[in-house]
Each structure stands twice: as C-alpha cells, then as structure tokens.
Asks: 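So that we are looking at the same thing, I have put the structure below in structure tokens.
Only a predicted model underlies this, so the values are computations on that prediction, with no experimental measurement involved.
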Amino acid sequence: MNIAIALAQFIMLALATMASHILVNSGSVASPPVTWSDMATTFIANQGLWFLVIPAVWLMFAGWCEKTKSSLANVAQPIGAGIAVAILAVIVVVLVF
C-alpha cells in the first residue's frame, strides 16, 4: 500500500512539474512573476525536480514507522495522510490558479 501511495504521489508531482514547465515556456506566466500563482509556477518549473524526492522521503518515513512501532506509530498514518493531502492541495492550487 505504501508503494502504491508513493507511486501515485510521484506521478502527480511529475505531471505538475511538466505542466508548470509547459506554462512557463508557453508564455502563459508573466515574465517577472507578479502573482503568487505565477511565482509558484515559475519555482516549480525551475526547481520542480526536487519535489520528486517527496515520495521517497514519505516511503522511508512509512517504512520506518512500520518497523519501529514507536509512540510515533499511532500518529504516523494521520501524518502521512496529511502530507499526501498537502501535496495534492499544492498541485491543485498550482494547476488551477
């Protein structure tokens, strides 16, 4: 299950990075970014490959929580779900606005 979630995150982040790159190259974004969405799109288009590390970090965190069963294990699933929702929300905000 963890691998499926990480793969879905990777695919969504890759699509968002490609879409941002296309927007910047097509001239749809102002040359000096003026609005917040233009700045986010420009940043993701230029530095978006670093976002592809997020699924790997999430997968390592999930694996660690699964093995250790520490006190953090009780909140690991909500934290993972929160991270996934936050990443998807950023992708939607960047693509919509």
Asks: Please list, chain by chain and in numerical order, all residues satisfying side chain to side chain contact (heavy atoms under 4.5 Å, CB included) with I83, sequence neighbours excluded.
Replies: W58, I79, I87
Asks: Just to verify, what does L95 make a side chain to side chain contact (heavy atoms under 4.5 Å, CB included) with, not counting sequence neighbours?
Replies: A19, I91
Asks: With V92, which residues qualify under side chain to side chain contact (heavy atoms under 4.5 Å, CB included), at least two apart?
Replies: V96
Asks: Step through the shown structure and confirm whether more than 12 heavy atoms of other residues, nucleotides or ligands are within 6.0 Å of CD1 on I3.
Replies: no
Asks: Show the nearest heavy-atom pair for residues P55 and A6, with the distance to one decimal.
Replies: CB-O, 3.4 Å
Asks: What's the spacing between L7 CG and L59 CG if we round to 0.5 Å?
Replies: 10.0 Å
